[in-house]
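Below is one structure, written out as structure tokens; comments come after it.
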Amino acid sequence: MKFFHDTLNKNEAPIAVFDSGVGGISVLRALLEEMPDENYLYYGDSANAPYGTKNLEEVRRLTVSHVDRFIEEGAKAVVVACNTATSAAVRYLRQKYPFVPIIGIEPALKPAVLSGKHPNVIVMATPMTIREEKFHNLMDRYIGMAHIIPLPCPGLMEYIENGDIQSAELEQFLERLFEPFEKQKLDAVVLGCTHYPFVSRELQKVLGKNVMLFEGGPGTARETKRRLAEANLLKDCQTKGTVRFENSVPSKEKQRLCERLLGQDK
Ligand code: DGL
């Protein structure tokens with residue numbers, strides 16, 4: 001496969017956006033809002049999903065092999081639109097490719113903590129994100145300012161991968177997940193996995209309207225724009241940008257799901 005070698009102007013080359021599956025489309029959505037003229041290649045590794053219940057070495061190996069290919073084929077920047085892959089591999093990737101902007105994502109804990117006076121904040125994420133040092137460092141920064149509860153959510157991303165973003169079964173799954181917090185007043189929930197924004201509506205139904213939800217996509221999109229501007233890599237001519245989907249499950253259903261999720265209202 002070859003996508004960008006014939007691109008004469010580097011600024012026209014695509015930004016590669018990568019996730020373990022279809023979740024990173026929530027970040028792609030934010031990138032398109034921030035930079036609609038850019039060209040994007042979205043790659044989902046659904047054949048190897050979920051990443052969040054694998055071990056660190058395996059997620060690092062998978063992530064690095066995909067990013068190697070994007071860079072080899074000429075991507076001008078890489079957005080690792082997966083919290084799990086970011087915590088496993090982004091530091092290593094930046095050392096390996098010091099001249100390519102590589103942007104990762106982390107749970108949007110800061111705005112959640114700042115949303116109230118010592119709020120009760122739940123961070124939903126994959127088991128691996130919650131286990132890793134990167135998350136512990138992030139939590140340490142805000143520990144005195146809020147009551148922060150990490151909530152690993154194994155099994156949730158599978159609903160979104162299967163195209164289920166609204167169903168009685170999903171609602172029951174979320175109810176069970178939040179059952180232990182029934183007696184607590186929750187103020188904010190951080191969606192620390194890029195799949196979860198797609199079930200915001202169901203979550204809001206289960207949690208009630210007063211609980212605020214925070215996602216990392218918009219911050220990551222702003223950071224990507226900053227980094228591209230710094231490197232003089234923003235696309236300069238204002239022709240409409242393109243989005244291309246690729247997935248390690250090369251089925252028509254996956255392709256359709258990607259398109260559906262990209263068009264999904266928040
Ligand atoms: N979308 C990925 C994230 O943001 C996780 C899903 C998975 O377990 O593969 O962490």
Side-chain angles (χ1 to χ4, degrees), residues 16-31 42-67 78-91 93 102-109 112 122-139 150-165 170 173-174 177 189-200 202-203 213-221 223-224 245-249 254 257-258 261-262 264:
V17 183
F18 167 71
D19 179 44
S20 62
V22 298
I25 295 171
S26 65
V27 181
L28 177 62
R29 202 159 64 175
L31 285 162
Y42 181 89
Y43 186 82
D45 190 13
S46 296
N48 291 302
Y51 277 17
T53 48
K54 289 186 165 46
N55 66 45
L56 183 81
E57 287 67 36
E58 200 174 357
V59 173
R60 183 174 296 158
R61 182 184 59 75
L62 288 166
T63 306
V64 171
S65 75
H66 296 304
V67 173
V78 177
V79 178
V80 181
C82 175
N83 294 262
T84 311
T86 297
S87 48
V90 101
R91 205 192 309 162
L93 285 168
I102 295 179
I103 299 93
I105 187 166
E106 64 178 18
L109 189 54
I122 289 203
V123 184
M124 299 171 70
T126 68
M128 199 179 120
T129 298
I130 287 176
R131 222 173 35 231
E132 280 311 305
E133 191 194 340
K134 195 171 191 303
F135 180 68
H136 289 272
N137 293 340
L138 177 70
M139 228 171 98
L151 179 62
C153 306
L156 179 52
M157 71 83 81
E158 285 83 343
Y159 282 90
I160 300 108
E161 277 301 306
N162 292 327
D164 180 359
I165 55 170
L170 172 62
F173 179 95
L174 295 173
L177 195 64
V189 170
V190 177
L191 310 176
C193 163
T194 54
H195 282 74
Y196 304 163
F198 291 113
V199 296
S200 292
E202 288 287 15
L203 268 167
L213 304 182
F214 293 88
E215 59 180 290
T220 302
E223 174 67 7
T224 306
F245 287 114
E246 280 180 18
N247 198 295
S248 50
V249 173
K254 263 301 175 220
L257 176 61
C258 291
L261 291 176
L262 187 61
Q264 182 75 26

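Here, residue 1 is the first one in the sequence, and each next residue gets the next number. Both backbone and side-chain heavy atoms feed into the values below; hydrogens, waters and symmetry mates do not. Numbering of ligands and ligand atoms starts at 1, following listing order.
Here the CG atom belonging to Leu28 is positioned 11.0 Å from the CG atom belonging to Asp19, to the nearest 0.5 angstrom.
Phe198 is listed as a side-chain neighbour of Ile25, based on a closest heavy-atom distance under 4.5 Å. Considering only heavy atoms from C-beta on, Thr220 comes within 4.5 Å of Ile103 through its side chain.
Aromatic ring orientation, Phe245 versus Tyr42: perpendicular (interplanar angle above 60°, classes split at 30° and 60°).
Of the N and O atoms on the side chains of Ser248 and Ser46, not one donor lies less than 3.5 Å from an acceptor on the other residue.
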Would you mind writing out a table of all protein N or O atoms found under 3.5 Å from any N or O atom of ligand 1, naming both atoms and giving the distance to 0.1 Å?
residue  : atom   : partner : partner atom : Å
ligand 1 : 1 (N)  : Asp19   : OD1          : 3.0
ligand 1 : 1 (N)  : Thr194  : OG1          : 2.9
ligand 1 : 1 (N)  : His195  : ND1          : 2.8
ligand 1 : 4 (O)  : Asn83   : N            : 2.9
ligand 1 : 4 (O)  : Asn83   : ND2          : 3.1
ligand 1 : 4 (O)  : Thr194  : N            : 2.8
ligand 1 : 4 (O)  : Thr194  : OG1          : 3.3
ligand 1 : 8 (O)  : Tyr51   : N            : 3.4
ligand 1 : 8 (O)  : Gly52   : N            : 2.8
ligand 1 : 9 (O)  : Ser20   : OG           : 2.6
ligand 1 : 9 (O)  : Tyr51   : N            : 2.7
ligand 1 : 10 (O) : Asn83   : N            : 3.3
ligand 1 : 10 (O) : Thr84   : N            : 3.1
ligand 1 : 10 (O) : Thr84   : OG1          : 2.6

Quiz prompt | Stepwise side chain to side chain contact (heavy atoms under 4.5 Å, CB included) test for Thr126 and Leu156 | solution = CA-CA 9 Å; Thr126 68; Leu156 179 52; over 6 Å; no
